[in-house]
Protein chains: 2
Amino acid sequence: MQTTSSADNCKGVETLRLEFIEKIGLISKGGELTQIAGRVFGLLVWEGVPMAFGDIACQLKISRGSASSATRSLEDRRLIKRVAIHGERQDFFQLSDSPYSGMIERVAARMDAAQKDIFSTAAQMPDSHNETKARIEAYGRFYKSLSKALTGAIQDID
Amino acid sequence: MQTTSSADNCKGVETLRLEFIEKIGLISKGGELTQIAGRVFGLLVWEGVPMAFGDIACQLKISRGSASSATRSLEDRRLIKRVAIHGERQDFFQLSDSPYSGMIERVAARMDAAQKDIFSTAAQMPDSHNETKARIEAYGRFYKSLSKALTGAIQDID
DNA sequence: TACTTTGTTCAGTTTGGACTGAACAAAGTA
DNA sequence: TACTTTGTTCAGTCCAAACTGAACAAAGTA
């Protein structure tokens with residue numbers, strides 16, 4: 001039983017933990033990850049130490065199928081890593097050493113692909129359509145700027 | 001009727017136009033917009049001049065309902081603007097003068113909200129959880145870097 | 001006035017993707 | 001060998017969001 005206070009500025013740590021996990025789930029859903037993958041990531045950010053596959057599924061109340069695809073997805077993005085623990089049969093997962101750079105690289109790569117895709121149209125435009133070509137190129141430069149800005153941000157983090 | 005060539009490096013302009021519109025639809029679907037909104041935007045990038053509401057719906061073969069919500073969504077994001085044309089009853093739409101900055105601002109704002117949300121959890125952590133707090137703050141800094149990089153990119157474009 | 005042309009709204013349909021859970025294969029244990 | 005514990009796969013379910021189209025209100029026209 002935790003004490004209450006007039007404002008809600010002093011929650012129990014367990015409440016804080018659950019809120020954090022759900023928070024990250026929602027933030028992630030708006031981006032590149034599923035809500036479940038976000039919750040798994042939040043859990044591992046909070047814990048820091050390696051967690052067993054079964055514990056992850058159990059604590060988040062998700063099926064083992066979901067746990068499998070979520071951990072795999074996070075592993076692919078290098079946000080978490082799978083580790084073996086001496087004498088344990090279960091897979092363990094923990095936060096990567098530099099979790100965030102890969103995530104940005106991925107987004108930057110998508111911006112870059114869009115940019116190339118758009119410029120490939122521009123390159124095929126005949127001279128008779130100069131103005132249209134210019135507008136398309138301006139649009140392509142937009143994605144190029146994004147890609148560049150994101151790539152530049154990689155140095156700042158981890 | 002267009003001439004053919006051995007390679008496909010010389011498509012008809014109309015083919016190029018349709019391909020471009022679909023391309024932008026798909027790119028947009030992966031981001032903040034719906035596929036239809038992306039196609040409308042692609043069409044207006046290509047045309048440059050104001051287009052009638054009815055022509056947009058007709059050319060893209062979408063319902064007027066979809067045309068309405070797509071144009072409104074693009075208008076809200078300042079990617080296109082609604083213009084009146086002398087003696088015409090229909091609404092006309094054309095590319096904004098500076099279409100892209102608003103789009104980035106929007107994404108940057110979302111990163112900023114995430115960052116604040118995460119730091120608010122960190123701020124409530126008791127001293128007994130120093131390491132967890134540090135990991136959460138590192139995660140928050142990730143979103144802060146993104147927000148900063150995107151905001152910086154605004155100057156490069158338009 | 002009655003009729004037409006317009007953009008919006010909203011109820012219904014459709015679709016894609018997230019999630020579950022049972023079946024499975026691989027590997028450990030007894 | 002038979003049994004248990006593991007993570008993955010996949011068929012099925014579910015849900016949220018996109019899209020349609022009919023009904024609508026507003027405004028122009030005759």
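Proteins get letters first, then strands, A, B, ... in listed order; numbering begins at 1 in each. Side-chain atoms are counted along with the backbone in the values below, which use heavy atoms only and exclude waters and symmetry mates.
Checking A:Arg17, A:Gln94, A:Gln59 one by one against A:Glu47, the side chain to side chain donor-acceptor pair (under 3.5 Å) holds for a single residue, A:Arg17.
When both distances must be under 3.5 Å, the Watson-Crick or G-U wobble mate of C:dG28 is D:dC3. Pair assignment for D:dA16: C:dT15, on the basis of Watson-Crick or G-U wobble contacts that are both within less than 3.5 Å. Using the Watson-Crick or G-U wobble rule with both distances under 3.5 Å, C:dT9 pairs with D:dA22.
A heavy-atom distance below 4.5 Å is found between the side chains of B:Ile24 and A:Tyr139.
In this structure, B:Lys29 atom NZ and D:dA17 atom P are separated by 16 Å, rounded to whole Å. Between the CD1 atom of B:Ile36 and the C1' atom of D:dG21 there is a distance of 13 Å, given to the nearest Å. Residue B:Arg72 contributes atom CZ, which lies 16 Å from atom P of D:dA18 at whole-angstrom precision. At whole-Å resolution of the value, CG in B:Leu33 and P in D:dA17 are 16 Å apart. One can place CD of B:Glu88 at 14 Å from P of C:dT5, the figure rounded to the nearest angstrom. In this structure, the CZ atom of B:Arg39 is 12 Å from the C1' atom of D:dC19, given to the nearest Å. B:Glu32 places its CD atom 14 Å from the P atom of D:dA17, with the value rounded to the nearest Å. As rounded to whole Å, 15 Å separates atom C1' of C:dT6 from atom CD1 of B:Ile85.
Each of A:Ile62 and B:Ala52 lies near DNA chain C, and the nucleotide nearest B:Ala52 is the one positioned closer to the 5' end. Along DNA chain D, the nucleotide nearest to A:Phe92 and the one nearest to B:Lys61 differ in position, and the one closer to the 5' end is contacted by A:Phe92. Judged by closest nucleotide on DNA chain D, A:Gln90 is the one of A:Gly65 and A:Gln90 placed further toward the 5' end.
Within 6.0 Å of CD on A:Gln155 lie more than 12 heavy atoms contributed by other residues, nucleotides or ligands.
Nearest to the side-chain atoms of A:Arg64 among the listed nucleotides D:dT9, C:dA23, D:dG21 stands C:dA23.
By the 30° and 60° cut-offs, the orientation of the rings of A:Trp46 relative to A:Phe20 is tilted. Ring geometry, A:Phe142 versus B:Tyr100: the interplanar angle falls under 30°, so the pair is classed parallel (tilted spans 30 to 60°).
For the OP1/OP2 pair of C:dT8 and a distance below 4.0 Å, the side-chain nitrogens and oxygens of B:Ser68 include at least one atom meeting the criterion. Applying the 4.0 Å criterion to OP1 and OP2 of D:dT8, one finds that A:Arg82 has a side-chain N or O inside that range. Neither OP1 nor OP2 of C:dC19 sits under 4.0 Å from any side-chain N or O of A:Ser63.
Applying the 3.5 Å distance criterion, the base of C:dT5 shares a donor-acceptor pair with the side chain of B:Arg89.
Within the nucleic acid shown, A:Thr34 comes within 4.0 Å of sugar-phosphate atoms alone, with no base atom in reach, counting heavy atoms only.
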